[in-house]
Amino acid sequence: MSEGYTVTYVVLTSGELRMAERQTEHVACAEGGPVLAAGEMSFEIHKREMHITGLSNLSTGFCPEVGCLEQVLVLLSSLQVDLSVCNIYLFEFRRCQSTNVMKYRDPFCVVCDAPLPEKWNF
């Protein structure tokens, strides 16, 4: 029987990977410092083997661009983590009167209904 977990993660500018309980704010996980990447990571442990099953850039604290996941994948590969069953989830963020997660390519602010910028603007 395998157990699944989802955690909050950040990759610091030093290249250090930090993980915390899923409800932990990314900014707190990074101790307020800058990051190369931030999001959520899901993994399963089965018979003492760990498999990353999901990886995202979902962090409304840092609102990272989708390209940050490349940094994470390179880091995990260098640690020889099995990524063969890893699903990648990409989120785009836009700023207006609030932080907007672009769902279904909906180009309007959830607060004021104004059109959102076409490009990442954090």
Side-chain angles (χ1 to χ4, degrees):
M1 183 172 186
S2 63
E3 293 186 59
Y5 303 92
T6 300
V7 298
T8 291
Y9 78 86
V10 295
V11 177
L12 304 180
T13 55
S14 65
E16 177 185 351
L17 173 65
R18 288 188 181 172
M19 293 184 276
E21 291 184 33
R22 188 177 197 181
Q23 294 78 13
T24 304
E25 291 294 328
H26 291 92
V27 175
C29 189
E31 295 180 342
V35 300
L36 298 174
E40 293 185 332
M41 183 183 305
S42 298
F43 56 93
E44 289 185 357
I45 299 173
H46 180 71
K47 294 184 180 179
R48 296 185 179 204
E49 289 185 17
M50 182 178 85
H51 301 277
I52 304 279
T53 57
L55 186 63
S56 80
N57 66 318
L58 184 56
S59 166
T60 56
F62 286 107
C63 303
E65 292 186 76
V66 297
C68 80
L69 287 178
E70 190 168 327
Q71 298 278 340
V72 183
L73 293 169
V74 167
L75 176 63
L76 293 172
S77 291
S78 73
L79 297 172
Q80 299 181 335
V81 174
D82 181 5
L83 298 170
S84 64
V85 294
C86 183
N87 292 303
I88 306 292
Y89 303 96
L90 304 173
F91 293 89
E92 291 191 36
F93 300 91
R94 299 294 185 273
R95 181 97 184 122
C96 186
Q97 290 188 24
S98 68
T99 298
N100 289 266
V101 178
M102 301 289 288
K103 294 182 181 177
Y104 312 111
R105 296 303 225 176
D106 189 8
F108 299 97
C109 177
V110 296
V111 173
C112 70
D113 207 31
L116 293 169
E118 289 185 27
K119 295 186 179 188
W120 184 83
N121 63 338
F122 282 86

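Bear in mind the structure is a predicted one, so any value in this text is a computation, not a measurement. Below, each value reflects all heavy atoms present in this structure, side chains not excepted, and no hydrogens, waters or symmetry copies.
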Minimum heavy-atom distance between [X] and [Y], given as atom pair plus value:
{"X": "A30", "Y": "F62", "value": "CB-CZ, 4.0 Å"}
{"X": "C86", "Y": "L55", "value": "SG-CB, 3.9 Å"}
{"X": "T8", "Y": "Q23", "value": "OG1-N, 4.5 Å"}
{"X": "A20", "Y": "V7", "value": "O-CB, 3.3 Å"}
{"X": "H51", "Y": "E49", "value": "NE2-OE1, 3.5 Å"}

Return the [atom1] to [atom2] distance between [X] and [Y], rounded to the nearest 0.5 Å.
{"X": "H26", "Y": "L58", "atom1": "NE2", "atom2": "CG", "answer": "7.0 Å"}
{"X": "S59", "Y": "E25", "atom1": "OG", "atom2": "CD", "answer": "8.0 Å"}
{"X": "N100", "Y": "E92", "atom1": "CG", "atom2": "CD", "answer": "12.0 Å"}
{"X": "T6", "Y": "E44", "atom1": "OG1", "atom2": "CD", "answer": "9.5 Å"}
{"X": "E40", "Y": "Y9", "atom1": "CD", "atom2": "OH", "answer": "9.5 Å"}
{"X": "L73", "Y": "Q71", "atom1": "CG", "atom2": "CD", "answer": "10.0 Å"}

Side-chain donor/acceptor of R94 to backbone N/O of P117, under 3.5 Å: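 Judged by distance alone, yes, a pair lies under 3.5 Å.
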Donor-acceptor under 3.5 Å (W120 side chain, C63 main chain):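 Checked: pair present.
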Kindly work out whether a path of hydrophobic side-chain contacts (I/L/V/M/F/W/Y, heavy atoms less than 4.5 Å apart) joins [X] to [Y].
{"X": "I45", "Y": "L83", "answer": "yes"}
{"X": "L17", "Y": "M50", "answer": "yes"}
{"X": "L76", "Y": "I88", "answer": "yes"}
{"X": "M41", "Y": "L69", "answer": "yes"}
{"X": "L79", "Y": "L36", "answer": "yes"}

Please tell me if the side chains of [X] and [Y] come closer than 4.5 Å, counting only heavy atoms from C-beta onward.
{"X": "P64", "Y": "F91", "result": "no"}
{"X": "V81", "Y": "F43", "result": "no"}
{"X": "C96", "Y": "V111", "result": "no"}
{"X": "L116", "Y": "F108", "result": "no"}

Worked check of side chain to side chain contact (heavy atoms under 4.5 Å, CB included) between V72 and N57: CA-CA 10 Å; V72 183; N57 66 318; over 6 Å; no
